[in-house]
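Data first, discussion second: the structure below is written as structure tokens.
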Amino acid sequence: MSELTHVDNDGRARMVDVGHKAATHRIAIARGRLVTTSEVVRLVRADGLPKADVLATARIAGIAGAKRTSELIPLCHPLPLDAVHVEFSLDAEAGTIGIEVTATTTGKTGVEMEALTGLSVAGLTLHDMVKAIDPGAMLTDLRLAYKSGGKRGEWRRAGEPDAVPAGAGTGADQPAAEPDAPEAAHASAPRPTAIVVVASTRAASGERPDATGPVIAAWLAEHGHPSTELRVVADADIDHALRAAVAARPAVIITTGGTGISPTDRTPEATAAVLDRELPGVAEAMRVRGLAHTPLAALSRGLAGVAGDTVIVNLPGSRGGVADGLEVLGDLLTHLVDQVRGAAEHGA
């Protein structure tokens with residue numbers, strides 16, 4: 001029994017001492033689903049159940065559950081959570097509500113149990129909200145889908161859908177490893193050194209071509225990042241897209257679009273949620289460069305900063321704004337990436 005970390009050599013339960021471990025940026029994604037009826041799913045979507053605000057209530061419950069994990073699971077350490085995100089996907093035809101919980105922390109131990117506890121509480125809350133219509137609803141398929149951080153790096157459950165952060169963990173054709181096995185080998189697929197995230201609902205739907213993402217990707221290739229991924233998402237999906245990009249741990253993430261003041265412009269908020277440290281001088285330098293060409297540059301709310309060992313920069317969605325931002329980054333990016341990666345490698 002000595003192979004199990006939560007028991008001692010005599011088989012007695014213990015809380016693992018993590019005092020000697022280095023703090024790293026850690027992410028865990030847990031998934032499950034509520035199996036109910038098509039009618040219930042349609043009512044949830046239409047906010048037509050006797051208990052209103054079903055998804056909002058379940059989301060809050062999931063976040064609260066993740067935050068209280070150490071009170072519910074006896075041997076879990078209390079963790080300072082950086083963020084907890086709870087997402088739902090409704091499939092009326094199948095009569096299911098998919099649940100995904102992403103938990104992040106910068107700490108000495110993993111955040112898997114927080115993601116799984118948040119998932120469980122969110123799912124149980126969904127069951128409570130729909131039981132008046134369907135007492136036979138069933139919460140099922142609860143599982144850890146992905147984790148990263150710590151000395152074991154990235155792990156991905158085999159067969160998970162593409163929504164698991166791209167470029168992370170084992171491939172779908174690999175056998176699933178036990179995430180807690182002390183000597184488990186987690187073969188990592190090659191990951192991109194840079195990711196460009198385009199926030200544009202019209203480009204994501206194919207209504208118009210993406211005019212800025214390829215420009216940024218080409219610029220990155222010329223500046224030492226030939227393995228750059230380009231991801232185009234709707235404005236409403238920028239939160240999930242950024243979390244997925246950060247989970248892939250590239251050296252650089254550059255976003256374009258969604259930095260203005262319209263109701264759908266949410267890129268700065270999504271970026272702030274994943275940053276460990278901001279670099280306000282970089283963002284301000286880009287605004288100043290833009291003001292030399294147009295006063296509208298003052299309206300950009302773009303941020304720059306660091307998440308773990310990844311540099312993240314928001315650029316506007318216009319070609320002119322992108323050109324101005326890349327001019328500024330041309331003098332800074334290589335030095336900034338070297339500093340961030342060097343500090344991470346030396347445990348700073």
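Remember, predicted model here, so these are calculated numbers, not experimental data. Below, all heavy atoms of this structure are taken into account, side chains as well, without hydrogens, waters or symmetry copies. One-based numbering along the sequence shown.
Atom CG of residue Leu119 and atom CD1 of residue Ile99 lie 5.5 Å apart, to the nearest 0.5 angstrom. Between Leu144 atom CG and Met113 atom CE the span is 9.5 Å, to the nearest 0.5 Å. Between atom CD1 of residue Ile216 and atom CZ of residue Arg319 there is a gap of 10.0 Å, rounded to the nearest 0.5 Å. Here the CD atom belonging to Glu278 is positioned 9.5 Å from the OG1 atom belonging to Thr271, to the nearest 0.5 angstrom. Distance check, rounded to the nearest 0.5 Å: CG of Asp210 to CG of Leu230 gives 5.5 Å. Distance CD/Glu222 to CG/Leu326: 10.0 Å, rounded to 0.5 Å.
Closest approach of Ile195 to Ala248, counting heavy atoms only: CD1-CB, 4.0 Å. Between Ser38 and Glu93, the shortest heavy-atom distance links the atoms OG-O, 3.6 Å. Residues Pro250 and Thr310 come closest through the heavy atom pair O-OG1, 2.5 Å. Closest of all the heavy-atom pairs between Ser70 and Cys76 is CB-O, 3.6 Å.
Side chain of Thr228 to backbone of Ala221: no donor-acceptor contact under 3.5 angstrom is found. Between the side chain of Thr69 and the backbone N or O of Ala66, at least one donor-acceptor pair lies under 3.5 Å. The backbone N or O of Ala56 sits nowhere less than 3.5 Å from a side-chain atom of Asp53 that would complete a donor-acceptor pair. Between the side chain of Tyr146 and the backbone N or O of Ala30, no donor-acceptor pair lies under 3.5 Å. Side-chain N or O atoms of Thr256 include one that pairs as donor or acceptor with a backbone N or O of Pro316 at under 3.5 Å. Checked by atom type and distance alone, the side chain of Thr37 pairs as donor or acceptor with a backbone atom of Val40 at under 3.5 Å.
Shown here is Arg45, whose CZ atom has more than 12 heavy atoms of other residues, nucleotides or ligands within 6.0 Å.
Salt-bridge check for Lys131 with Asp128: passed, with a basic side-chain N closer than 4.0 Å to an acidic carboxylate O. Here Glu87 pairs with Arg243 in a salt bridge; the nearest charged N to carboxylate O distance falls below 4.0 Å. Here Arg68 pairs with Glu71 in a salt bridge; the nearest charged N to carboxylate O distance falls below 4.0 Å.
Checked by atom type, the side-chain pair His225/Thr193 shows a donor-acceptor distance below 3.5 Å. Side chains of Asp239 and His85: a donor-acceptor N/O pair is absent below 3.5 angstrom, by distance only. A donor and an acceptor atom, one from each side chain of Asp235 and Thr201, are located under 3.5 Å apart. Between the side chains of Ser262 and Asp265, a donor-acceptor pair is found at a separation under 3.5 Å. A donor-acceptor contact closer than 3.5 angstrom is absent between the side chains of Thr267 and Asn314.
Contacts of Asp237 classified as side-chain hydrogen bond (donor to acceptor under 3.5 Å, both in side chains), with partners at least two apart in sequence or in another chain: none. Every side chain to side chain contact (heavy atoms under 4.5 Å, CB included) that Ser120 has, sequence neighbours left out, goes to Leu142. With sequence neighbours excluded, the residues satisfying side chain to side chain contact (heavy atoms under 4.5 Å, CB included) with Leu55 are Val44, Phe88, Leu90, Leu126.
Both Met286 and Leu279 sit in one connected hydrophobic cluster of ILVMFWY residues. Membership requires side-chain heavy atoms under 4.5 Å apart, directly or through other members. Note on Ile60: it does not cluster hydrophobically with Met129, by side-chain heavy-atom contacts below 4.5 Å among ILVMFWY residues. Hydrophobic clustering (side-chain heavy atoms under 4.5 Å, transitive across Ile, Leu, Val, Met, Phe, Trp, Tyr) groups Leu315 together with Leu336. Ile97 and Val35 fall into different hydrophobic clusters, defined by Ile, Leu, Val, Met, Phe, Trp and Tyr side-chain heavy atoms under 4.5 Å apart, directly or through other members.
Among the candidates Val86, Val121, Val101, the single residue satisfying the side-chain contact (heavy atoms from CB on, under 4.5 Å) test with Ile63 is Val86. Here the options are Val274, Leu275, Thr104, Val111, the test is side-chain contact (heavy atoms from CB on, under 4.5 Å), and the partner is Asp82; only Thr104 passes.
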Q: Test Arg231 against Val198 for side chain to side chain contact (heavy atoms under 4.5 Å, CB included), laying out the working first.
A: CA-CA 6 Å; Arg231 304 178 183 181; Val198 179; over 6 Å; no

Q | Pair Leu124-Leu139, side chain to side chain contact (heavy atoms under 4.5 Å, CB included): steps then yes or no | A | CA-CA 7 Å; Leu124 290 171; Leu139 184 62; 4.2 Å; yes

Q. Do Asp91 and Thr96 pass the side-chain hydrogen bond (donor to acceptor under 3.5 Å, both in side chains) test, and can you show the C-alpha distance, the side-chain angles, and the key distance before you say yes or no?
A. CA-CA 5 Å; Asp91 188 336; Thr96 61; 4.6 Å; no

Q: Carefully, step by step, assess Thr255 and Val313 under the rule side chain to side chain contact (heavy atoms under 4.5 Å, CB included).
A: CA-CA 6 Å; Thr255 73; Val313 179; over 6 Å; no

Q: Please report the C-alpha distance between Arg249 and Asp309 in whole Å, then the side-chain angles of each, then the deciding distance to 0.1 Å, and finally whether the salt bridge (Lys or Arg N to Asp or Glu O under 4.0 Å) criterion is met.
A: CA-CA 7 Å; Arg249 292 188 59 210; Asp309 54 1; 2.7 Å; yes

Q) side chain to side chain contact (heavy atoms under 4.5 Å, CB included) between Ile254 and Val252: does it pass, once the steps are laid out? A) CA-CA 6 Å; Ile254 296 181; Val252 181; 3.7 Å; yes

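The side chain to side chain donor-acceptor pair (under 3.5 Å) contacts involving residues 297-306 comprise Glu269-Arg301, where partners must be two or more places apart or lie in separate chains. Sorted by first then second residue, the salt bridge (charged side-chain N to carboxylate O under 4.0 Å, His left out) pairs that include residues 281-291, not counting sequence neighbours, are Glu284-Arg287, Arg289-Glu327.
Using a 4.5 Å cut-off between side-chain heavy atoms of Ile, Leu, Val, Met, Phe, Trp and Tyr, Leu296 falls into a hydrophobic cluster with Leu299.
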